[in-house]
Protein chains: 2
Amino acid sequence: MAPTSEILTAERILEATEEVLRRHGPAKATVVDVARALGVSHGSVYRHFRTKAALREAVTKRWLDRTSGELAGIVAADRDPEARLRDWLATLFAAKRRKAGEDPELFATYMVLTGENGTVVREHIADLTGQLTRIVEAGVESGAFAAGAGPGTTALALFHATGRFHDPCYAREWEEPGIEADFTAVMDLLVRALRA
Amino acid sequence: MAPTSEILTAERILEATEEVLRRHGPAKATVVDVARALGVSHGSVYRHFRTKAALREAVTKRWLDRTSGELAGIVAADRDPEARLRDWLATLFAAKRRKAGEDPELFATYMVLTGENGTVVREHIADLTGQLTRIVEAGVESGAFAAGAGPGTTALALFHATGRFHDPCYAREWEEPGIEADFTAVMDLLVRALRA
DNA sequence: CAGCTGACAGATTTCAATATCTGTCAGCTG
DNA sequence: CAGCTGACAGATATTGAAATCTGTCAGCTG
């Protein structure tokens, strides 16, 4: 039995929901399962989340925010912009690839969740392209990057051009042998385009 | 009733199969349906295609070959390589977008088929990147493009970097308003990388 | 006798009855 | 009385029996 003594918080419900999703998968994870895992009635879960969809959305947001957090440090680092750009994209790729490779079923679960929660995903992507924009801005200011079409537009183009290495729809191909070489080839091309 | 007088050929079976797929969708299209559409018994269909999977694979190949054919003309054209590159990628994007937009259900059907037939899709992609390689080679020879990492590697990088504008997994986003600007931004970046 | 048919076995899909889940709320409990 | 429970109505999912489909092949037909 789960600890019934502690008070029920949104945080504890989210943790239990992640565990239930991990165990049962997205199709079979029910609110009743979450309540059972917490040793409460399912009515109590609805006190913190209005609907099952809202609960799943919150779990999705938590998951995506973890990735954003990992990358924020690279944006803030005091290094030359080209190295930061390469590091940022390589870290994003490595993080996604690790998650997809280590636990494919859990990754598939999160792919279902992101498919359900377009708004949360759009906000996440806006967050990521915002981080990229700051790196591009730093590059233009320092003179390392050519001005081009404006930092925001360039950052978005960089994000789109590297989709193959962070978009979950390509997850299957991240295990293929040539993928590292493919990533390097695209990165080299893009860096060449940016240089002043 | 369909014309029973004509002899049954692989070609006629493929046409009927496309029609059945269009009408019933990939999940409900059966070999019996195809046979009925042709006014023959389903045993006759198995005389030309060993399995249902082989029949669907042949339909997939036919469909993909049509796109390849459209693009081959641009590769052969006698124009400057940068214009040919832009035209080739823009035409690929436009063709995919048109197919996805005009008949979304049929496009969804073909997405299912391509998902089933990895080998045929890989051959199609090898064909497309081969075409791109020839354009890049022409550019390097004429001095318009910098040599870079070799035409094959560069062509593959260009194909990967523009995935957002031809990979079916992005089909939903091809109807969004900013998509043309996104395409132009990525193209401009890539062309900048190529210029000598 | 080349090409087609149609009956067949085993695999797969459909459908309707049955069970479970979602979201609400009146009332219990500490 | 704030927070939780558990019964409930309607929606959704599961299940297993019946229907259909796939792939084969012996025999028919022009």
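Atom CZ in B/R56 sits roughly 14 Å away from atom P in D/dC21 (whole-Å rounding). Between B/H48 atom NE2 and D/dG23 atom P there is a gap of 17 Å when expressed in whole angstrom units. C/dA19 atom C1' lies 15 Å from atom CG of A/D33, rounded to whole Å. We find that CZ of B/F49 is positioned 15 Å from P of D/dT22, with the value rounded to whole Å. Rounded to an integer number of Å, the gap from CG of A/L8 to P of D/dC4 is 5 Å. Rounded to whole Å, the distance from NZ on A/K52 to P on D/dA13 is 8 Å. To the nearest angstrom, P of D/dT5 lies 10 Å from CG of A/L38. Taking atom CZ of B/R47 as the reference point, atom P of D/dC25 lies 12 Å away to the nearest angstrom.
Results of the ring-ring contact (aromatic ring centres under 6.0 Å, His included) test with B/F165 over B/W174, B/F93, B/F159, B/Y170 single out B/F93 as the only residue that passes.
Distance from the side chain of A/K28 is smallest to D/dT14 among C/dT5, D/dT14, C/dT14. Nearest nucleotide to the A/V31 side chain, out of C/dT22, C/dT5, D/dG23: C/dT22. The side chain of B/T51 lies closest to D/dG23, out of D/dT5, C/dT22, D/dG23.
Looking at A/H42, its side chain comes within 3.5 Å of the base of C/dG23 through a donor and an acceptor atom.
Paired regions of DNA chain D, where each region holds three or more successive Watson-Crick or G-U pairs whose two hydrogen-bonding distances fall under 3.5 Å, are C:1-30 with D:1-30.
The shortest distance between the side-chain N/O atoms of B/S44 and the OP1/OP2 oxygens of C/dT5 is below 4.0 Å.
Checking B/T30 against B/D33 by side-chain atom types alone, a donor-acceptor pair falls below 3.5 Å.
For the residue pair B/K96 and B/P168, the shortest heavy atom distance occurs at NZ-CD, 4.4 Å.
Here B/T30 lies in heavy-atom contact (under 4.0 Å) with sugar-phosphate atoms only. Residue B/V32 is classed as a base contact, given a heavy-atom separation below 4.0 Å to a base.
Separation of the B/F183 and A/H160 ring centroids does not fall under the 6.0 Å cut-off.
Taking for each of A/G43 and A/A27 the nucleotide of DNA chain D with the nearest heavy atom, the 5'-most of the two is the partner of A/G43.
In this structure, A/R195 pairs ionically with A/E82, as a charged nitrogen and a carboxylate oxygen lie closer than 4.0 Å.
In this structure, the side chains of B/E11 and B/R62 come closer than 4.5 Å at one or more pairs of heavy atoms.
Residue A/R98 places its CZ atom among more than 12 non-hydrogen atoms of other residues, nucleotides or ligands, all under 6.0 Å distant.
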